[in-house]
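Just below is one structure, and these are the notes that go with it.
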Amino acid sequence: MQTAFSEAAERNKRPILKKLHALLASSKSVLEIGSGTGQHAVYFAPALPHLVWQPSELPDKLPMLLRQCLLHPSENLARPIILDIDNDVWTSVEADTVFTANTLHIIHWRQVCRLFARVGALLPSNGIFCAYGPFNMDGRYTSESNAQFDIWLRNRDHQSGIRDIGDLQYQAEQNGLGLQENNAMPSNNRLLVWRKLAN
Ligand SMILES: C[S@@+](CC[C@H](N)C(=O)[O-])C[C@H]1O[C@@H](n2cnc3c(N)ncnc32)[C@H](O)[C@@H]1O
């Protein structure tokens with residue numbers, strides 16, 4: 001059984017997990033959005049046995065993700081589900097934590113807004129939303145390589161591109177999420193952590 005492979009996911013899975021250990025210590029159920037090859041899901045789930053990790057993807061990517069999960073089963077790794085940010089109704093997922101890596105610069109801005117609205121509605125008070133990837137700060141790139149990456153992204157799809165943390169923060173606030181951590185990560189990436197505020 002062949003699986004897809006992402007070199008970036010292979011590189012960043014260890015530093016991300018290091019952060020998740022402390023961050024998700026009280027989490028019970030994690031919904032991962034845009035799981036891609038599933039390398040993160042199969043690596044994180046067995047390392048975080050106190051919670052259930054639910055991977056998800058668009059319909060056309062689900063077979064690839066499912067193959068990865070079947071090859072690397074663990075008791076707390078749920079069978080991947082279809083989840084499209086564009087869908088009005090998300091399946092009956094219940095989660096106290098949402099994780100997504102390298103998606104916010106791929107999806108369009110209207111989808112980013114929709115994602116924050118869905119996550120805000122899904123999470124209970126104190127629930128966590130973690131987003132990993134490249135982000136701009138105060139309207140500026142954090143590195144030359146990110147600036148080049150952004151040009152590449154926008155040439156490929158002009159509605160994609162590296163997002164500014166300030167713009168994300170506005171969406172988060174609109175949906176009851178408060179920024180709790182802004183962690184610098186290797187290769188000019190960041191791990192942003194929002195917490196759902198009490199109603
Ligand atoms: C760059 S990949 C990141 C994959 C993985 N999270 C990683 O870090 O390796 C972006 C992922 O977002 C998913 N994606 C794109 N549009 C989406 C949407 N509307 N709803 C859910 N996922 C979407 C893609 O299918 C793709 O797997």
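We count ligands from 1, going down the list as the structure has it; atoms in each ligand are counted the same way. Only this structure's heavy atoms are used, side chains among them; waters, hydrogens and symmetry mates stay out. Small disclaimer: the values here were computed from a predicted structure and weren't measured.
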*Which atoms from ligand 1 have a heavy atom of Ser35 less than 4.0 Å away?*
5 (C)
*Which ligand 1 atoms are under 4.0 Å away from a heavy-atom of Gln111?*
19 (N)
*Closest non-hydrogen atom pair, Arg163 against Val112*: NE-CG2, 3.9 Å
_Quick check: Ala101 and ligand 1, any N/O pair under 3.5 Å apart?_
yes
*For atom 9 (O) of ligand 1, grab the closest protein heavy atom and report residue, atom and distance to one decimal in Å.*
Ala9 CB, 3.8 Å
*Relative to the heavy atoms of Lys61, which atoms of ligand 1 are at a distance of less than 4.0 Å?*
24 (C), 25 (O), 26 (C), 27 (O)
*Please determine, by modelled atom types, if Trp194 and Glu181 share a side-chain donor-acceptor pair under 3.5 angstrom.*
no
*Do NZ/NE/NH1/NH2 and the carboxylate oxygens of Arg110 and Asp86 come within less than 4.0 Å?*
yes
*Of all the heavy-atom pairs spanning Ile165 and Leu179, show the shortest one and how long it is.*
CG2-CD2, 4.4 Å
*Under 3.5 Å, is there a donor-acceptor pair linking the side chains of Asp157 and Gln159?*
no
_Smallest separation among heavy atoms of Gln180 and Leu23, with atom names_ = NE2-CD1, 4.4 Å
*Report yes if the distance between the aromatic ring centroids of Tyr141 and Phe149 is under 6.0 Å, otherwise no.*
no
*Provide the closest heavy-atom pair for Glu32 versus Ser56 in the form atom of the first, atom of the second, distance.*
O-OG, 2.6 Å
*What protein heavy atom is closest to atom 25 (O) of ligand 1, reported as residue, atom name and distance in Å?*
Glu57 OE1, 2.8 Å
*So is Asp84 polar-close to ligand 1, meaning N/O to N/O under 3.5 Å?*
yes
*Would you mind checking which non-hydrogen protein atom is closest to atom 12 (O) of ligand 1, with the distance to 0.1 Å?*
Thr103 CG2, 3.5 Å
*For Asp150 and His105, does a side-chain donor sit closer than 3.5 Å to a side-chain acceptor?*
no
*Which residue and heavy atom of the protein sit nearest atom 18 (C) of ligand 1, plus the separation*: Leu58 CD2, 3.4 Å
_Residue part near ligand 1, for Asn102, under 4.0 Å between non-hydrogen atoms_ = both
*Are Asn189 and Ser187 close enough that a side-chain donor and a side-chain acceptor fall under 3.5 Å?*
no
*asked:* Students should be able to answer this: which protein heavy-atom is nearest to atom 5 (C) of ligand 1, and at what distance?
replied: Gly34 O, 3.4 Å
*Answer with yes or no whether Thr37 contacts ligand 1, where contact means a heavy atom under 4.0 Å from a ligand atom.*
no
*Can you list the atoms of ligand 1 that are under 4.0 Å from a heavy atom of Ile107?*
15 (C), 16 (N), 17 (C)
*Within a distance under 4.0 Å of any heavy atom of Ile85, pick out the atoms of ligand 1 and give their elements.*
18 (C), 19 (N), 20 (N), 21 (C)
*For ligand 1, which atoms, with element, lie under 4.0 Å from some heavy atom of Leu83?*
20 (N), 21 (C)
